[in-house]
A.B. asks: 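Next up is a structure, given as structure tokens.
Each residue takes its place number in the sequence, starting with 1. Remember, it's 1-based here, ligands and their atoms both numbered in the order they're listed.
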Amino acid sequence: MSFLEEIQKRRTFGIISHPDAGKTTLTEKLLLFGGAIQEAGAVKNNKIKKGATSDFMEIERQRGISVATSVLAFIYKDRKINILDTPGHKDFAEDTFRTLTAVDSVIVVIDVAKGVEPQTEKLVEVCRMRKIPMIVFINKLDREGKDAFDLLDEVEQKLGLKVTPMSFPIGMGYDFKGIYNIWEKKLNLFSGDNKTTISEGVEFDDLNNPELDTIIGEAAAETLREETELVYEVYPEFDQEEYIKGDLQPVFFGSALNNFGVKELLDAFIDIAPNPQPKQAEERLVDSKEEKLTGFVFKIHANMDPKHRDRLAFVKIVSGTFKRNTPYLHVRNNKKVKFSSPNAFFAEKKEIVEESFPGDIVGLHDTGNFKIGDTLTEGEKLNFKGIPSFSPEHFRYVNNADPMKAKQLYKGLDQLMDEGVAQLFTLDMNGRRIIGTVGALQYEVIQYRLEHEYGAKCTYENIHVHKACWVQPEDEKNEEFKEFKRVKQRYLAKDKQGQLVFLADSPFTIQMTQSKYPTVKLHFTSEFE
Ligand code: G4P
């Protein structure tokens with residue numbers, strides 16, 4: 001197969017949702033279609049279940065599972081499909097944001113009864129800002145839920161999307177009869193009382209055909225006619241170009257648990273979803289069809305075996321062919337590195353691979369050289385953009401609790417930060433270290449891992465910080481910036497990259513600082529124009 005054909009056949013995407021909307025169930029059903037697993041229940045749920053064990057012990061257990069489910073790949077109708085796993089738990093939102101830099105499109109799962117939930121809103125906002133093509137799947141139609149039109153309105157308003165239904169439900173909950181596939185003009189009906197058997201879709205391009213009344217009953221037929229009429233009137237026709245530009249979002253309805261509407265979703269997905277897209281580096285736009293290898297690290301899994309400092313760096317191939325035992329430039333370190341056992345992911349297995357293509361993810365064994373965001377090339381100095389740090393929500397001083405183990409503590413902190421577990425800020429004034437996280441859970445994780453993997457102990461101390469603001473002066477030499485640095489000295493710190501950060505204690509402080517020093521820009525993310 002030619003290089004271009006390899007690119008054409010790849011679809012790399014993520015599924016995002018609020019916890020419990022059905023992401024795991026949908027993933028599993030997609031894998032079943034791809035023949036990658038044989039039975040339902042095979043994909044281990046990587047959710048953090050509440051209850052039985054303490055949350056961070058659960059995370060430890062999950063870390064084992066999540067290497068396996070980080071990338072789930074399968075072949076369907078001659079397409080190579082890579083699903084990148086995104087943690088649903090809000091404390092791990094930053095992991096999900098980073099994974100979203102490696103997908104070419106996403107599927108958003110929404111629970112028909114709950115509608116748009118907070119975590120969906122946050123994640124979709126990131127996708128919208130990055131113009132990632134999105135398909136919406138409204139799940140659990142076998143249950144009573146919101147009216148389809150109300151839900152479409154909610155998706156448009158709360159998520160700021162422009163939608164077009166590609167299928168439409170016939171009834172809902174107890175009365176759920178099936179789906180009319182607008183995209184293919186097919187009728188897909190449940191058969192059997194328990195709603196678990198599904199008929200092959202029948203072509204039905206004219207809903208005015210009286211046969212419809214016989215198949216689904218007069219009342220349901222009438223409603224379907226009225227509703228589809230309204231769909232055609234109100235919503236724009238599907239346009240693939242607009243979808244790929246991130247300006248139009250097709251919507252499907254179904255029930256992942258009952259495997260209903262999933263095949264329609266998958267068939268449409270492989271038809272319309274983009275293959276590996278060009279990616280912006282600081283230096284230039286890199287096209288997936290370029291023959292030279294480029295790729296970047298979007299995720300690091302560390303210390304699965306505490307006896308060895310083993311880490312697996314997940315690299316998304318942007319262009320070219322990645323080959324085993326071939327030297328590549330690790331741009332940040334300016335060093336050539338080669339890999340004797342790169343892993344590819346297939347279903348739930350990982351195996352050593354000779355070649356990988358754009359859109360694929362390779363797992364590289366690493367002894368502590370990689371950081372999230374690092375770029376690999378054949379020699380060009382490129383740095384891919386779009387893996388910014390976001391301002392954490394929680395801040396605490398970290399103190400060394402065992403003076404004999406200072407070295408271990410700093411090494412451990414260093415490596416955990418490279419992995420993206422949290423962010424470290426060092427105060428300019430006195431060199432004290434502050435850990436910033438998205439959720440409170442990470443503090444427990446850090447303490448636990450420092451002790452178990454590095455033999456170091458730490459304690460935390462509260463500090464009142466509202467937000468970390470990355471500082472961008474218009475001119476480093478101007479008086480205003482010097483004055484800002486002098487007055488705010490106590491609140492200035494460096495992040496791990498050495499960028500200057502202002503730790504503001506309230507929204508009011510940010511506002512005041514901004515109006516007092518208008519030439520000193522404050523940003524809530526580490527990457528700005
Ligand atoms: P998540 O990964 O998005 O967090 O959700 P997950 O797939 O785990 O689904 C959450 C719950 O919703 C599960 O039930 C699952 O069986 C159920 N579910 C998923 N799709 C459908 C659907 O189409 N219809 C109905 N009625 N339920 C659905 P659970 O009881 O929380 O978990 P489990 O004990 O079944 O694993």
A.B. asks: Mark yes or no: R98 above the aromatic ring of F298, with NZ or CZ under 6.0 Å from the six-membered ring centre and no more than 45 degrees from the axis.
C.D. replies: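 Pair R98/F298 does not count as cation-pi.
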
A.B. asks: In ligand 1, which numbered atoms sit nearer than 4.0 Å to a non-hydrogen atom of D20?
C.D. replies: 1 (P), 3 (O), 4 (O), 5 (O), 10 (C), 12 (O)

A.B. asks: Suppose I only count heavy atoms of S17 and a 4.0 Å limit; which atoms of ligand 1 are within that range?
C.D. replies: 3 (O)

A.B. asks: Tell me whether R11 forms a cation-pi arrangement with F269, defined as NZ or CZ under 6.0 Å from the six-membered ring centre and within 45 degrees of its axis.
C.D. replies: no

A.B. asks: Using a heavy-atom cut-off of under 4.0 Å, does the side chain or the backbone of N139 touch ligand 1, or both, or neither?
C.D. replies: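 Answer for N139: side chain.
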
A.B. asks: Quick one: side chain to side chain contact (heavy atoms under 4.5 Å, CB included) partners of S319, sequence neighbours excluded?
C.D. replies: V286, E290, T294

A.B. asks: Provide the number and element of each atom of ligand 1 under 4.0 Å from a heavy atom of P19.
C.D. replies: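 What qualifies from ligand 1 is 4 (O).
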
A.B. asks: Taking side chain to side chain donor-acceptor pair (under 3.5 Å) as the definition, give me every residue that meets it alongside D267, ordered by chain and number, with sequence neighbours left out.
C.D. replies: Y76, K77, K263

A.B. asks: Check each atom of ligand 1 against the heavy atoms of D142 and keep those under 4.0 Å away; list them by number with element.
C.D. replies: 22 (C), 23 (O), 24 (N), 25 (C), 26 (N)

A.B. asks: Ignoring angles and geometry beyond distance, decide whether L257 reaches within less than 3.5 Å of ligand 1 through its nitrogen or oxygen atoms.
C.D. replies: yes

A.B. asks: If the cut-off is 4.0 Å to any non-hydrogen atom of S255, which atoms of ligand 1 fall inside it?
C.D. replies: 22 (C), 23 (O), 24 (N)

A.B. asks: Using a heavy-atom cut-off of under 4.0 Å, does the side chain or the backbone of R143 touch ligand 1, or both, or neither?
C.D. replies: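 Looking at R143 and ligand 1, just side chain atoms fall under 4.0 Å.
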
A.B. asks: Looking only at distances, can you tell me whether any N or O atom of A256, backbone or side chain, sits closer than 3.5 Å to an N or O atom of ligand 1?
C.D. replies: yes

A.B. asks: Is a side-chain donor-acceptor pair under 3.5 Å present for Q415 with Y454?
C.D. replies: yes

A.B. asks: For the aromatic rings, using the six-membered ring if either is Trp, is the centroid distance between H301 and F314 under 6.0 Å?
C.D. replies: yes

A.B. asks: Which value, rounded to the nearest 0.5 Å, describes the distance between F238 atom CZ and T164 atom OG1?
C.D. replies: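 Result: 8.0 Å between the selected atoms.
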
A.B. asks: Please determine if G254 has a nitrogen or oxygen closer than 3.5 Å to a nitrogen or oxygen of ligand 1.
C.D. replies: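 No, no N or O pair falls under 3.5 Å.
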
